[in-house]
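One structure is given below, encoded as C-alpha cells.
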Protein chains: 2
Amino acid sequence: MTTENMMTIREMCDAFDVTPRTLRFYEAKDLIFPHREGTRRLFNRRDRARLKLILRGKRFGFSLEDIRQLLDMYDREGSERSQYLTTYKLAQERMAQMERQRDELIEAIAELKDELADGAEMYRNYTAETGQTPAKKSAA
Amino acid sequence: MTTENMMTIREMCDAFDVTPRTLRFYEAKDLIFPHREGTRRLFNRRDRARLKLILRGKRFGFSLEDIRQLLDMYDREGSERSQYLTTYKLAQERMAQMERQRDELIEAIAELKDELADGAEMYRNYTAETGQTPAKKSAA
DNA sequence: CGTTACGCTGACGTTAACGTCAATTGATCT
DNA sequence: AGATCAATTGACGTTAACGTCAGCGTAACG
C-alpha cells in the first residue's frame, strides 16, 4: 500500500511550476492542507487536485478568495454532483459576463474611432487646440 | 460654437462614476490628456471617448498598461479602420483564451469531484487520517 | 563531526490601481 | 476683505499575490 502517494514540496513545485513560497502561501490562506512529517510538508493526491483547481481558477480570473470559497464548499458535506454544478454554473456565468464586457469594449472602440474621424474633420476648419500634433499653433 | 463641449473634473466623475484621483492617475499614466484652464483640468469629447474605452477595457480584463498601448496606437497616425480591427482581434483572442481556461477549470473541477469520491472509498477501509470530517469516526 | 542541502518560519519588499489626507491655490459668494 | 468651496499637488497607506532574504533546524554525506 503506497497509502497516499505523497510528494515533497520540491516535487510539487516541479510538477506544477510554482515556488515553495506559493504553496506555503496557499496553505496560510487555507487553500490546501498538506500533512506534516515532523516539520516538513507532504502533499497527497487531494492536495494536488486542489492545487490544480486553484491554478486554473486563477488563470480563469478568479481570486484566491473566490477559490477558497469554492473549495470550502467542496469540503463541507453535500453532494459532489451539486457542488460540481454550482462551480460549473459560476464559470459559465463569468463567461457570459465576459462576453457582455467584450461587446461593450468593442462598442467603445468604435466610438473612439468615430471620434477620431470627427476630430479630423474639425481639425480641417478649426485647426489645433488639442496640442496633440506637436508642430502646429496657428489659428486665432 | 460650443467649440469642444468641455467638462470639469467633477462633471466627469459624476458622468463616469469615478473619483478625481482616478482621473489624475490616468493622466499621470498617460492615458488621457485633459486641457488646462489655468491649473484646472478640462475634458473634451475625445477624453471622454478614451475614458470610456479605458473603463471598459479594464472590466474586460486588460491592465491599464495594455490599454495605454492600445490608445497609443490610436494616437499614432494610421488608418483608424486597421487600428480598430487590431483591437477587435485582441478582444476576440482574449475571449478565446478565456474559453480554453474555462474548459481547463471545469476539467479540474471534475477531477476534484472524482478525487472526493475516491477519498470516500478509501475512507471506508482506511479510516480517517485527514481530519477533514470533524464529526465522524465510526467504521472499522 | 563538520558541511552542504533542503525545508521552515518570520518579516520586509514589490507591483497595480487607486484611497486618503494635508497643505495650497484659485474662484466665488456675501 | 473674509469665508467658503472646488481643484491641485505631493506623499503616504492599502490590498492581492506572491518575491526575497535572514536565521534556524535537521537529515544525509564524506
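Residue numbering restarts at 1 for every chain, and letters A, B, ... go by the order of the sequence lines.
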- Rounded distance in Å - CG (A:L51) to C1' (D:dC18): 14 Å
- Query: Below 4.0 angstrom from OP1 or OP2 of C:dG26, is there any side-chain N or O of B:R40?
  - Reply: no
- Rounded distance in Å - CZ (B:R36) to C1' (C:dT25): 13 Å
- Message: Heavy-atom count check: over 12 atoms from other residues, nucleotides or ligands less than 6.0 Å from A:R36 CZ?
- Response: yes
- Rounded to the nearest angstrom, tell me the gap between atom CZ in A:R41 and atom P in C:dC6. 17 Å
- Item | B:L31 side, atom CG; B:I54 side, atom CD1 - distance, nearest 0.5 Å | 4.5 Å
- Message: Closer than 4.0 angstrom, basic N to acidic O: yes or no for A:R48 and B:E115?
- Response: no
- A:L23 CG - D:dG19 C1' separation (whole Å): 14 Å
- Message: So, OP1 or OP2 of C:dC8: does either fall under 4.0 Å of a side-chain N or O from A:R10?
- Response: no
- Item | Lys/Arg N to Asp/Glu carboxylate O, A:E37 vs A:R40, below 4.0 Å | no
- Identify whether any heavy atom of A:R24 sits under 4.0 Å from a base atom; if not, whether one sits that close to sugar-phosphate; answer base, sugar-phosphate or nothing. base
- Nearest-nucleotide wise, let me know which of B:T19 and B:T39 is further upstream toward the 5' end of DNA chain C. B:T19
- note: B:I9, atom CD1; C:dG26, atom C1'; distance rounded to Å ~ 15 Å
Write down the protein N/O and nucleotide N/O pairs, taken from nucleotides 13-17 of chain C, whose separation is under 3.5 Å; answer none if there are no such pairs.
from, atom 1, to, atom 2, distance (Å)
C:dA17, OP1, B:L64, N, 3.1

- Can a side chain N or O of B:T8 be found less than 4.0 Å away from OP1 or OP2 on D:dA7? yes
Listed pairs under 3.5 Å, donor-acceptor, residues 89-105 of chain A side chains, sequence neighbours left out:
from, atom 1, to, atom 2, distance (Å)
A:Q92, OE1, B:R102, NH1, 3.2
A:Q92, NE2, A:Y88, OH, 3.3
A:R102, NH1, B:Q92, OE1, 3.3

- Note, B:L42 side chain near B:D47 side chain (heavy atom, < 4.5 Å): no
